[in-house]
Trainee: 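After the structure tokens below, expect a handful of questions from me.
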Amino acid sequence: MKILLIAGVLLIPALARADQCQLFDADVAARVRTIVSGPQRYAELCEPCGEKVPGVPFLAHTTEVGDELVLDGKPRDLAYLYVKTDASRFENVAMLAGCPVEGVSPSLAVEAETENGELITADATPVRVAPAPPPMEVAAAPPTAPPTYYSTTIVYAVPWVAVAAIAGTGGFLLGLIVSLLLVNVRRRRDLRPRAAQL
């Protein structure tokens, strides 16, 4: 009889610690992913088990969230897990994720930090439940722009009268130069002495 009584006393903390929010559904899992993303500091406190003060805060680097939360390879019950949300406060992960729990404090207050550690006590300050992320939607394909056609027509901004005037002036100057060259060649021929031809 004494053995059964001792076994019962030893099992009560284990049963009290047993999963209030060890396993959870997809909605809670979606909230948990937003709460525990990245390396963060955590503390554990199981008040239904008779614990009065939380354990030493720890930094978890890897998180896996499926139907349970695994921090650095160890499954955790959200009901007894607190995440550090600011310099003076840890908040209960189960309450943040909207998982119903009983007999646990909503948050832990960091009273003082010393070189020997942090003084952390249970706090009754309520937490705000994190909203569930919106469901994933398949993005519609962007509308395609109509094809662009380029014109190969060349439009001249110079009027035809100006073009004709420039062409006429150029032709006149060319003719004048040619005429002067011919006159110069004839003059040289005429001025050459006849003795040079003999």
Trainee: Can you tell if the side chain of Asp72 reaches within under 4.5 Å of the side chain of Phe58, non-hydrogen atoms only?
Mentor: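 No, their side chains stay 4.5 Å or more apart.
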Trainee: Looking only at non-hydrogen atoms, find the nearest pair between Pro75 and Gln22 and report the distance.
Mentor: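 Here Pro75 and Gln22 meet closest at CB-NE2, 3.5 Å.
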Trainee: Could you check whether any side-chain N or O of Asp67 sits under 3.5 Å from a backbone N or O of Leu23, counting only pairs where one atom can act as donor and the other as acceptor?
Mentor: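 Side chain of Asp67 to backbone of Leu23, a donor-acceptor pair under 3.5 Å: no, none is there.
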Trainee: Just by modelled atom types, is the Cys46 backbone N or O under 3.5 Å from a matching donor or acceptor in the Glu51 side chain?
Mentor: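 Present.
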Trainee: What do the steps show when you test Val101 against Met95 for side chain to side chain contact (heavy atoms under 4.5 Å, CB included), and what is the final call?
Mentor: CA-CA 7 Å; Val101 291; Met95 291 181 184; 3.9 Å; yes
Trainee: If you measure from CG on Leu96 to OH on Tyr82, what distance do you get to the nearest 0.5 Å?
Mentor: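 If I round to the nearest 0.5 Å, the distance is 10.5 Å.
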Trainee: Please tell me if the side chains of Thr63 and Val70 come closer than 4.5 Å, counting only heavy atoms from C-beta onward.
Mentor: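 In short, these two side chains do not touch, never coming nearer than 4.5 Å.
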Trainee: Going by distance alone, is a donor N or O of one side chain under 3.5 Å from an acceptor N or O of the other, for Glu47 and Tyr80?
Mentor: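 Short answer, no.
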Trainee: Just so I know, are the side chains of Leu71 and Leu81 near enough to count as touching, which here means a heavy-atom distance under 4.5 Å?
Mentor: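 Yes. Closest side-chain heavy atoms under 4.5 Å.
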Trainee: Before giving the answer on side chain to side chain contact (heavy atoms under 4.5 Å, CB included), spell out for Phe90 and Leu45 the whole-Å C-alpha distance, their side-chain angles and the decisive distance to 0.1 Å.
Mentor: CA-CA 11 Å; Phe90 287 81; Leu45 174 63; over 6 Å; no
Trainee: Taking all heavy atoms of Glu102 and all of Gln20, pick out the closest pair and write down the distance.
Mentor: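 What the structure gives for the nearest pair is N-OE1, 2.7 Å.
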Trainee: Which heavy atom in Ala97 sits nearest to a heavy atom in Val32, and how many Å separate them?
Mentor: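 Closest heavy-atom pair between Ala97 and Val32: CB-CG2, 3.7 Å.
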Trainee: Using 0.5 Å steps for rounding, measure from the CG atom of Leu69 to the SG atom of Cys99.
Mentor: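 Result: 11.5 Å between the selected atoms.
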Trainee: Regarding Thr121 and Glu111, is there a side-chain donor-to-acceptor distance under 3.5 Å anywhere?
Mentor: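 Their side chains do contain a donor-acceptor pair, which is all the 3.5 Å distance test asks for.
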Trainee: Testing the basics here: between Pro57 and Ile120, what is the closest heavy-atom pair and its distance to 0.1 Å?
Mentor: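 Shortest heavy-atom separation between Pro57 and Ile120 comes out as CG-CD1, 3.5 Å.
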Trainee: Where the side chain of Asn92 meets the backbone of Val104, is there a donor-acceptor pair that is under 3.5 Å apart?
Mentor: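 No; zero donor-acceptor contacts below 3.5 Å.
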Trainee: Can you name the closest pair of heavy atoms from Gly66 and Ala29 and give their distance?
Mentor: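 Distance-wise, the nearest heavy atoms are O-CB, 3.5 Å.
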Trainee: Might you work through the salt bridge (Lys or Arg N to Asp or Glu O under 4.0 Å) test for Glu68 and Arg76, ending with a clear yes or no?
Mentor: CA-CA 7 Å; Glu68 67 179 340; Arg76 310 285 177 154; over 6 Å; no
Trainee: Atom CG in Leu78, atom CZ in Arg31: separation rounded to 0.5 Å?
Mentor: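 Going from CG on Leu78 over to CZ on Arg31, the span is 12.0 Å.
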Trainee: Looking at every heavy atom in both Gln40 and Ile35, which two are closest together, and how far apart are they?
Mentor: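 It is NE2-O, 2.8 Å.
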Trainee: Can you tell me how far apart CD1 (Ile177) and CG (Leu182) are? Round to the nearest 0.5 Å.
Mentor: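 Taking CD1 in Ile177 and CG in Leu182, the distance rounds to 12.0 Å.
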Trainee: What's the spacing between Ser107 OG and Glu91 CD if we round to 0.5 Å?
Mentor: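 If I round to the nearest 0.5 Å, the distance is 6.5 Å.
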